[in-house]
Structures are given as C-alpha cells and as structure tokens.
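Take a look at the structure below.
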Amino acid sequence: MGSKYRADLHTYRKGIMEELFREYDTILALMAVGIVVRLVCPLLRDKWTDKPVVSVDSSLKTAVPVIGGHHGANDLALYLFKHLGIYPAITTATDSSGRPNLEGIASAFGSEIVNRDASKHINASFLHQDVPILRLRGPRIVIVDEDVAVLKSSGLIAGLGARKGATADEILSAIRSATAEAGRDVSEVKVIATSEIKSCDPEISRAAAKLGVSVVYLPDDALNAQKPLTPSRASMLGLSGVAEPAVLALAQRMILPKKVYGRVTVALGE
C-alpha cells in the first residue's frame with residue numbers, strides 16, 4: 001500500500017477482530033459495513049483508544065470509515081481514493097465540510113491533546129468559524145473553559161514569508177535549506193505558519209501538501225503581538241513581520257532566525 005502504510009493480510013475467522021485491535025493501529029476490513037459494526041461493537045471503549053476501522057466493499061468501490069474518523073480512518077479512506085480510486089464515504093462533519101478538526105491539528109503539530117473533552121466544542125466551532133491557535137508562555141497559571149483545547153506539542157514550526165510569484169518548489173527548497181542550516185531534518189517540520197494574507201496563495205498549500213504538513217494562517221493581531229528579532233518589509237503591510245512572528249506565536253523557542261532564500265523567507269522554531 002505504498003510507503004505510508006504497512007499492510008498484513010488476514011483471513012476472517014472467529015475472534016480475529018479482537019486480535020487485530022490488539023496488534024494493529026488501523027484496520028481495513030474487506031466486508032460489508034453491517035458485518036464490521038457487529039464485530040467491533042463489543043470492543044469499543046472510547047474514541048481515544050478505539051482503533052480506526054475502514055470498511056471496503058468487495059467490489060472495491062467504496063471505503064467507509066466506520067470508527068476513528070479523526071484518528072486515522074478518514075486519512076486511510078482518502079489514501080485509498082488517491083491510490084486506488086476507491087470512493088471515500090467520509091461522514092464526519094468537519095471533513096465532509098472541508099473544515100479543520102482538533103485531532104487533525106494536534107496531529108499536524110505532533111501534539112497530544114491534554115483535555116480531550118474540549119474536542120466536541122472545538123470541532124463544532126470549526127464548522128462555523130476559524131478557531132485561533134495561540135501559545136501562552138510561562139511562568140503563568142491558566143484556567144481554561146471546556147471549549148478551550150490544550151495541546152502538548154513537539155516538532156518544528158516553519159515560519160514562512162513568500163513574495164508574490166514564489167512557487168511551491170521554491171518554498172520547499174527554502175524550508176529544506178533552513179532545516180539543513182539548523183542542523184535538523186526537513187521531516188521534523190510539522191507545520192508551516194504564515195500570515196492569513198497568504199491564505200489564498202495556492203503555492204503555499206501545494207508546498208505543504210508535498211511536505212505532508214498543515215498550514216496555519218495567523219491573523220494580524222497574533223503576528224503583531226510578537227517581537228521579531230529582525231526588521232521586516234512586512235511593516236509596509238502593517239505587520240511586525242511574518243516568518244519570525246509566526247514562529248514566536250506558535251513555538252516554544254526560535255532555533256533559526258529568519259533567512260531569505262530568493263523570494264522566500266523562513267524562520268524555524270520548536
């Protein structure tokens with residue numbers, strides 16, 4: 001199934017679903033949804049520990065994420081669509097509406113959701129609005145409501161500034177150069193962060209897709225609340241900067257101040 005998944009083939013027998021739940025991270029069942037539901041129901045505990053399960057019909061026309069949509073099942077269904085043309089029958093509200101979800105954002109940041117009960121409120125909000133992503137630096141005491149999600153993150157944040165006309169390949173090359181200068185591997189980059197002004201730039205989206213990461217578009221007030229290390233031409237747009245402020249807004253520390261690579265500027269943090 002390609003480099004993203006390692007697949008083992010098992011023939012159905014009594015008790016096999018229990019074995020698969022113990023041994024595998026994700027399960028692809030080549031059988032009707034009704035059969036899958038009956039097999040997995042006795043094994044279900046909660047959305048955070050249940051294994052993602054995708055049902056595919058015998059004619060290989062449709063892939064249905066049965067459980068664990070935001071925990072890998074939707075991704076597997078989309079992978080099957082991309083590589084085999086199997087239609088992904090995704091029913092989770094955020095995904096079917098083309099909206100973000102908390103679990104996906106946490107995964108993109110390489111983060112753990114500390115207060116999981118917030119996911120219901122956050123995902124419901126994503127259906128109607130963009131939910132801001134903020135970092136609070138200590139020492140401080142924070143009291144959060146039930147609709148505020150707290151993430152414990154790891155990995156690199158690539159703050160990005162791109163001049164008009166910069167291509168996806170230029171952006172990728174700049175990020176690779178920046179990570180190499182920082183003595184890190186490009187695979188450690190979890191998120192590209194930039195200004196919401198660039199949210200309509202398809203080249204940034206293409207670069208992120210090729211890198212296999214998400215893009216966070218930060219509003220002006222989130223960028224201007226930071227104090228960049230170096231002056232920026234973005235001041236002409238009323239911003240304190242883009243690449244460095246984007247890193248400072250999301251990362252715990254800056255590991256590489258902004259570097260200019262042709263038409264692309266990159267800063268790194270973690």
Does CD belonging to Q252 count more than 12 external heavy atoms closer than 6.0 Å? no
Given 3.5 Å as the limit, does a donor-acceptor pair link the side chain of N115 with the main chain of A118, or not? no
Hey, is the main chain of L20 close enough, under 3.5 Å, to the side chain of E23 for a donor-acceptor pair? no
Indicate whether the side chain of E244 and that of T230 have a donor and an acceptor atom separated by less than 3.5 Å. yes
Heavy atoms only: give me the nearest D75-Y5 pair and the separation to one decimal. C-OH, 3.7 Å
Hey, does L239 have a side-chain heavy atom less than 4.5 Å from the side chain of P245? no
For F81, the rest of its hydrophobic cluster, which grows through side-chain links under 4.5 angstrom: none
If Ile, Leu, Val, Met, Phe, Trp and Tyr residues are connected whenever their side-chain heavy atoms lie under 4.5 Å apart, and connections chain through other members, are V260 and M254 in the same group? no
Polar contact flag, side-chain donor to acceptor under 3.5 angstrom, H70-T94: yes
Do E170 and R263 sit within salt-bridge range, that is, some charged N less than 4.0 Å from a carboxylate O? yes
For the residue pair L248 and K227, what are the closest heavy atoms and their distance? CD1-O, 3.4 Å
Check ion pair R206-E203 (N to O, under 4.0 angstrom): yes
For V247 and A267, the nearest pair of non-hydrogen atoms, with its separation, is CG2-O, 3.4 Å
Are more than 12 heavy atoms from other residues, nucleotides or ligands located less than 6.0 Å from atom CG of D117? no
Separation between NZ of K51 and CD1 of I27, rounded to the nearest 0.5 Å: 6.5 Å
Tell me whether L268 is reachable from V216 by hopping between hydrophobic residues (I, L, V, M, F, W, Y) whose side-chain heavy atoms are closer than 4.5 Å. no
Would you say the side-chain atoms of D169 and T167 include a donor-acceptor pair closer than 3.5 Å? no
For the residue pair S199 and Y217, what are the closest heavy atoms and their distance? CA-CE2, 3.4 Å
Quiz question: by atom type and distance under 3.5 Å, do the side chains of H10 and Y24 form a donor-acceptor pair? yes
How about N123 and E103: does a side-chain donor come under 3.5 Å of a side-chain acceptor? yes
Rounded at 0.5 Å granularity, tell me how far CG in L76 sits from CG in D25. 12.0 Å
Does the pair D130/R99 count as a salt bridge with the N-to-O cut at 4.0 Å? yes
Output yes when K120 and E146 qualify as a salt bridge under the 4.0 Å nitrogen-oxygen rule, no when they do not. no
Do V215 and F126 share a hydrophobic cluster, counting only Ile, Leu, Val, Met, Phe, Trp and Tyr and linking them when any side-chain heavy atoms are less than 4.5 Å apart? no
Polar side-chain atom of D50 near backbone of L44 as donor-acceptor pair, under 3.5 Å: no
Please tabulate, for the side chains in residues 60-69, all donor-acceptor contacts under 3.5 angstrom to protein atoms that are two or more places apart in sequence or on a different chain.
none

May I ask you to check whether over 12 heavy atoms, not counting those of K259, lie within 6.0 Å of atom NZ? no
Atom CG of L218 and atom NZ of K198: how far apart are they, to the nearest 0.5 Å? 14.5 Å
For a side-chain contact (heavy atoms from CB on, under 4.5 Å) check, start with the C-alpha distance between M31 and S58, then their side-chain angles and the critical distance, and finish with the verdict. CA-CA 6 Å; M31 57 181 67; S58 58; over 6 Å; no
Under a 4.5 Å side-chain heavy-atom rule over Ile, Leu, Val, Met, Phe, Trp and Tyr, are V191 and I175 clustered together? no
Would you tell me whether S125 and D147 have side-chain atoms, one donor and one acceptor, within less than 3.5 Å of each other? no
